[in-house]
There are 2 protein chains.
Amino acid sequence: MKEIQLDFNDIKECPHSFVMAVNDTMNVLTGKWKLPIMATLIFGKKRFKEIEREIPRITPRMLSKELRELELNGIVKRTVHDSIPVSIEYEFTTSGRAIKHVLDAMVEWGLEHRQAVLNRH
Amino acid sequence: MKEIQLDFNDIKECPHSFVMAVNDTMNVLTGKWKLPIMATLIFGKKRFKEIEREIPRITPRMLSKELRELELNGIVKRTVHDSIPVSIEYEFTTSGRAIKHVLDAMVEWGLEHRQAVLNRH
DNA sequence: CTGTATCCTCCGAGATACTG
DNA sequence: CAGTATCTCGGAGGATACAG
């Protein structure tokens, strides 16, 4: 559970709280599997095996690890239903779901940037 | 110059162009030094040595590598002034500067999320 | 079904020295 | 000043097997 530590704390124009906020956000977005996992949860609760099935090539080790990290970071909620056999469901927290606004900004910039690059050939 | 390849192309709810756009954006934000480098360019052109001085602990190797990558991705423009000795300046492209909108969204979410996490202790 | 435990590989990044 | 060339290493992530 290591913290990514961006090293521009000394740049005077960046208030420390802004830098921390960007750090927090990057923490939730970086790594190979976090975005794919979040994508599977957009339309509601899912069980471990469902998520695993929807993400080609992910291993249970990585899925477990990333879900635990997302839970610790308050992005997803894990619920144990003690049926037989037990089933476990993952879903976004309210705050976790709101990261969609960041993704929207990324989509918008990404599309515009690709267009801008194409326009100069 | 490897491309980060997010592996959720098969998730039907994500239009491929949106996935590509998020990929493009992540490409520009990930890694240890890209954000610090961009932060130094917010207020205008800078020379290699100036950027190096403003970012503690970065090595010329990494600065060179990241600047080249940002240039190839159309984020920064590199200008050679053939004075004696030559001086070289780096600055945002128009499209590169616009990534600030993404950072704004990240700051907003990051601050709100931190607050949300604190509120439930 | 919902994960852990081991072992292993590869690459991002650091250290250091050098070049035009 | 504006970089490049080597060498090295830790850690993210993969493969495979196993557990409750």
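When the C1' atom of C:dG12 is taken as reference, atom CG of B:Leu29 falls 17 Å away, rounded to whole Å. Rounded to an integer number of Å, the gap from NZ of A:Lys65 to C1' of C:dT2 is 17 Å. Distance B:Glu50 CD to D:dC1 C1': 12 Å, rounded to the nearest Å. Whole-Å rounding puts the A:Leu63 CG to C:dC1 C1' distance at 13 Å. Distance CD (B:Glu66) to P (D:dG3): 14 Å, rounded to an integer number of Å. Between the P atom of D:dG3 and the CG atom of B:Leu70 lies a distance of 13 Å, rounded to the nearest Å. Rounded to whole Å, the distance from CD1 on A:Ile51 to P on C:dT2 is 9 Å. Residue A:Ile58 contributes atom CD1, which lies 11 Å from atom C1' of D:dG13 at whole-angstrom precision.
B:Trp109 contributes a side-chain N or O that, together with a main-chain N or O of A:Ser95, makes up a donor-acceptor pair within less than 3.5 Å.
Looking at residues 80-88 of chain B, you'll see B:Ser87, B:Ile88 sit with a heavy atom under 4.0 Å from some atom of DNA chain D.
Phosphate contact (OP1/OP2 of C:dT4, side-chain N/O of A:Arg68, threshold under 4.0 Å): present. Close to C:dT4, at under 4.0 Å from its OP1 or OP2, lies a side-chain N or O of A:Ser64. Side-chain nitrogen and oxygen atoms of A:Lys32 include at least one within less than 4.0 Å of the OP1 or OP2 phosphate oxygen of D:dG14.
Take the nearest nucleotide of DNA chain D for A:Pro60 and for A:Lys34: the residue whose nucleotide is more 5' is A:Lys34. Projected onto DNA chain C by closest heavy-atom contact, A:Arg61 and A:Tyr90 fall at different nucleotides, the more 5' of which corresponds to A:Tyr90. Of the two residues contacting DNA chain C, namely B:Met62 and A:Phe48, the nearest-nucleotide position lying further toward the 5' end is that of A:Phe48.
Contact annotation: the side chain of B:Thr79 approaches that of B:Glu91 to within less than 4.5 Å [non-hydrogen atoms, C-beta and beyond]. Looking at B:Glu52 and B:Pro60, their side chains come closer than 4.5 Å, going by heavy atoms from C-beta outward.
The NE2 atom of A:His113 sits 14.5 Å away from atom CD of A:Glu108, with the distance rounded to the nearest 0.5 Å.
For A:Arg78, whose side chain is taken as the heavy atoms from C-beta onward, the closest listed nucleotide among D:dG13, C:dT2, D:dA2 is C:dT2. Of the candidate nucleotides D:dA2, C:dT16, C:dC1, D:dA2 has the atom lying nearest to any side-chain atom of B:Lys49.
Salt-bridge annotation for B:Glu66 and B:Lys32: absent, with no side-chain N of the basic residue lying under 4.0 Å from a carboxylate O of the acidic one.
Only one option out of B:Val28, B:Leu29, B:Val22 pairs with B:Thr25 in a side-chain contact (heavy atoms from CB on, under 4.5 Å); it is B:Leu29.
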Candidate pair A:Met38 and A:Ile75, rule side chain to side chain contact (heavy atoms under 4.5 Å, CB included), full reasoning: CA-CA 9 Å; A:Met38 291 193 279; A:Ile75 309 302; 4.0 Å; yes
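Using a 4.0 Å heavy-atom cutoff across all strands shown, A:Arg53 reaches no nucleic acid atom at all.
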